[in-house]
Amino acid sequence: MSQGHHNDQFATRLIHFGSEVCKHTGASSVPIIQASTFHHEDIYNPPRHDYSRSGNPTREALEEYITVLEGGTRGFAFASGMAAISTAFLLFSAGDHVIVTEDVYGGTYRLLTTVLNRLNIESTFVDMTDIAQVQAAIRPNTKAVYMETPSNPTLKITDIKAVTAWAKSKGLLTLVDNTFMTPYHQRPIELGVDIVIHSATKFLGGHSDVLAGLIVTHDPELGHQVKVLQNGLGTVLGVQDSWLLIRGMKTLEARMKQCEESARRLAVWLSERKDIVNVYYPGLPNHPGRDLHEQQSSGYGAVVSFDVGSGERAKQVLNKVRLPLVAVSLGAVESILSYPAMMSHAAMPPEVRAERGITDGLLRFSVGLEHIEDLLADLEQALNTN
Ligand SMILES: *Cc1c(COP(=O)(O)O)cnc(C)c1O
């Protein structure tokens, strides 16, 4: 009983993924095996797990879980999204070059430009929405293409299939940061991608209470390489957090469905207002990547960015809102309102920010599970105060 089956619908796989019931006791949740090491009953027959950096049953349950959800063959859990991303980039060696989405997550940009560059792993940042730019960036030493779609905070869409097909024809590895969509909406491995990465801190965890990262691979040899790195670098997720993440992920579909429905309402509501300069949401009819996004994803997600016209007005809204958390991060049960110009993208020169649409008036709303009417009323009063 309680056996996961790959033909089951996503909602069913979320609940029955294989390790959800303790195989020894029948307990209704995977046990927290709070141990760093394991007893060798017989020195010639070592236990299946010998040391928790190399393998722990609770962490393995989580790793199996994300593998089932993404449709891969192997999964790995890390101490944070950045631990997962930095581990993935260490698949490359000195002298290698990677092509990266220009509006990649800030921490990924920092890793590439302040750490990996010192190890002589080079990167070129391109507008991934334009495949000609991706193709033009190739060099003799290029090894991979790293995508993030929708991108942050202006939700630009990359054609995962087209970029991956081209990359494959050139022998390049493909990686996708799937944090914004989650496997509920988008499964890059099914589109041919080699490595899927998550900041599970966001929608997968879903409760702003755990920091974690995940990787899923399809090719067994690549999976083996990631395993060697995870064990060698020791970037693993702790046992308590592994359990907490499993607990949060079980409600992923219910949360994403509800949050997305509200996000669509919010995006339409904002786009009908005369005092909003720009609304960025892949579900809006005027979003330039909408058709493409619909081909590769089953939904638009719960993040809506919008420009209120000026930095002064943005700060006023941040001061006046009653419900959303004013904070970095996203993907939680509570709504989170972020101010990219002073938070995630503060380090970016103002002219580069402006070029990418990250104006002083831009706000990013990660829609939570509050009633949408309350969220709209709250935003209305915040926008209308002078
Ligand atoms: C937050 C985030 C990360 C980094 O994850 P952490 O868990 O904060 O280390 C990477 N990519 C995206 C898209 C993110 O939103």
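The model shown is predicted, which means the values in this text are computed figures rather than measured ones. Along the sequence shown, residues are numbered consecutively beginning with 1.
For the atom pair Arg356 CZ and Asp127 CG, the distance stands at 9.5 Å (nearest 0.5 Å). Atom CD in Gln186 sits 13.0 Å away from atom OH in Tyr300 (nearest 0.5 Å). Distance CE/Met128 to CD1/Ile160: 11.0 Å, rounded to 0.5 Å. Glu312 CD to Lys315 NZ: the interatomic distance, rounded to the nearest 0.5 Å, is 8.0 Å. Rounding to the nearest 0.5 Å places CG of Asn56 at 7.0 Å from OG of Ser242. The CD1 atom of Ile99 sits 6.5 Å away from atom OG1 of Thr124, with the distance rounded to the nearest 0.5 Å.
Looking only at side-chain heavy atoms (C-beta outward), His287 and Ile157 come within less than 4.5 Å of each other. You'll find the side chain of Val176 stays beyond 4.5 Å of the side chain of Ile195, heavy atoms only. For the pair Val279/Ile276, a side-chain contact is recorded, criterion being any heavy-atom separation below 4.5 Å from C-beta on. Under the 4.5 Å side-chain criterion, counting only non-hydrogen atoms from C-beta, Asp360 is in contact with Tyr339. Under the 4.5 Å side-chain criterion, counting only non-hydrogen atoms from C-beta, Ile66 is in contact with Met249. Leu175 places none of its side-chain heavy atoms less than 4.5 Å from the side chain of Val193. Residues Met181 and His293 meet the side-chain proximity criterion, which asks for heavy atoms closer than 4.5 Å. Looking at Ile336 and Arg364, their side chains never come closer than 4.5 Å, going by heavy atoms from C-beta outward.
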*side chain to side chain donor-acceptor pair (under 3.5 Å) evaluation trace for Glu64 with Ser19*: CA-CA 8 Å; Glu64 177 183 357; Ser19 303; 2.2 Å; yes
| message | Set out, in order, the CA-CA distance, both residues' side-chain angles and the distance that settles side chain to side chain contact (heavy atoms under 4.5 Å, CB included) for His16 and Glu20, then state yes or no. | response | CA-CA 6 Å; His16 303 284; Glu20 69 278 11; 3.4 Å; yes
- Message: Determine whether Arg273 and Glu380 satisfy the following criterion, salt bridge (Lys or Arg N to Asp or Glu O under 4.0 Å), listing intermediate values before the conclusion.
- Response: CA-CA 10 Å; Arg273 287 183 70 103; Glu380 167 104 56; 3.3 Å; yes
* Check against ring pair (Phe, Tyr, Trp, His ring centres under 6.0 Å), Phe89 and Tyr146 -> CA-CA 10 Å; Phe89 273 113; Tyr146 186 98; 5.0 Å; yes
- Item | Derivation of the salt bridge (Lys or Arg N to Asp or Glu O under 4.0 Å) call for Arg265 and Glu261 | CA-CA 7 Å; Arg265 277 281 311 279; Glu261 194 184 309; over 6 Å; no
Discussion item. Pair Asp177, Thr101 - check side chain to side chain contact (heavy atoms under 4.5 Å, CB included), show working.
Written reply: CA-CA 10 Å; Asp177 181 332; Thr101 303; over 6 Å; no
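In this structure, the side chain of Thr108 does not engage the main chain of Val104 through any donor-acceptor pair within 3.5 Å. Looking at Thr201, its side chain does come within 3.5 Å of a backbone N or O of Ala212 through a donor-acceptor pair. Arg255 contributes a side-chain N or O that, together with a main-chain N or O of Leu204, makes up a donor-acceptor pair within less than 3.5 Å. Checking side-chain atoms of Ser52 against main-chain N and O of Ala35 turns up a donor-acceptor pair under 3.5 Å. Within the 3.5 Å criterion, the main-chain N or O of Ser335 finds a donor-acceptor partner in the side chain of Glu370. Checked by atom type and distance alone, the side chain of Glu334 never pairs as donor or acceptor with a backbone atom of Gly368 at under 3.5 Å. Of the possible donor and acceptor atoms, one in the side chain of Asp194 sits under 3.5 Å from a partner among the backbone N and O of Thr174. A donor-acceptor contact shorter than 3.5 Å is absent between the side chain of Ser305 and the backbone of Phe365. Not one N or O on the side chain of Thr37 forms a donor-acceptor pair closer than 3.5 Å with the backbone of Tyr51. Between the side chain of Gln381 and the backbone N or O of Asp378 there is at least one donor-acceptor pair closer than 3.5 Å.
Under 3.5 Å, the side chains of Glu70 and His198 contain a donor-acceptor pair of N or O atoms. Defined by atom type and a distance below 3.5 Å, a donor-acceptor pair is present between the side-chain atoms of Thr87 and Thr235. Gln230 and Glu63 are linked by a side-chain donor-acceptor pair at a separation below 3.5 angstrom, with hydrogens and angles left out of the test. Checking Tyr109 against Glu102 by side-chain atom types alone, no donor-acceptor pair falls below 3.5 Å. Side-chain contact annotation: Glu60 with His49, donor-acceptor N/O pair under 3.5 Å present. There is a side-chain donor-acceptor pair under 3.5 Å between Glu221 and Gln225. No hydrogens or angles considered: a donor-acceptor pair under 3.5 Å links the side chains of Thr142 and His97.
The shortest non-hydrogen separation linking Val100 to Ser123 is CG2-CB, 4.1 Å. Residues Val317 and Leu363 approach most closely at CG1-CD1, 3.8 Å, considering heavy atoms. Counting all heavy atoms, side chain and backbone alike, Ala263 lies closest to Val304 at O-CG2, 3.7 Å. Heavy-atom minimum distance, Phe203 versus Ala302: CE2-CB, 3.9 Å. Leu369 and Cys259 make their closest contact through CD2-SG, 3.6 Å (heavy atoms, listed as atom of the first residue, atom of the second, distance). Across all non-hydrogen atoms, the minimal contact from Ser271 to Leu284 is OG-CD2, 4.0 Å.
Note: the hydrophobic cluster containing Phe306 also contains Leu323 (ILVMFWY, side chain heavy atoms under 4.5 Å, direct or indirect links). No single ILVMFWY cluster, assembled from side-chain heavy atoms under 4.5 Å apart, contains both Leu330 and Val333. Leu233 and Val115 fall within the same hydrophobic cluster, where Ile, Leu, Val, Met, Phe, Trp and Tyr residues are linked whenever their side-chain heavy atoms come under 4.5 Å apart, directly or through other members. Hydrophobic clustering keeps Leu292 apart from Val303 (ILVMFWY residues linked when any side-chain heavy atoms are closer than 4.5 Å, directly or through intermediates). In terms of hydrophobic clustering, with Ile, Leu, Val, Met, Phe, Trp and Tyr side chains grouped at heavy-atom distances under 4.5 Å, Val367 and Val328 are assigned to a common cluster.
Within the structure, salt bridge (charged side-chain N to carboxylate O under 4.0 Å, His left out) pairs that include any residue of residues 225-250 do not occur (at least two apart or interchain).
Annotation: Arg139, atom CZ; neighbour count of heavy atoms from other residues, nucleotides and ligands within 6.0 Å is above 12. Within a 6.0 Å radius of CD in Glu373, other residues, nucleotides and ligands contribute more than 12 heavy atoms. No more than 12 heavy-atom neighbours from other residues, nucleotides or ligands sit within 6.0 angstrom of NE2 on His224.
Classification of the Tyr65-Phe17 ring pair by plane angle, with boundaries at 30° and 60°, yields parallel.
Classification of Asp219 and Arg74 as a salt-bridged pair fails, no side-chain N sitting under 4.0 Å from a carboxylate O. With respect to the salt-bridge test (charged N to carboxylate O, under 4.0 angstrom), the residues Lys143 and Glu122 do not qualify. Ion pairing between Arg290 and Glu294 holds under the 4.0 Å rule for side-chain N and carboxylate O. The existence of a salt bridge linking Arg313 and Asp275 is confirmed by a sub-4.0 Å separation between a basic side-chain nitrogen and an acidic carboxylate oxygen.
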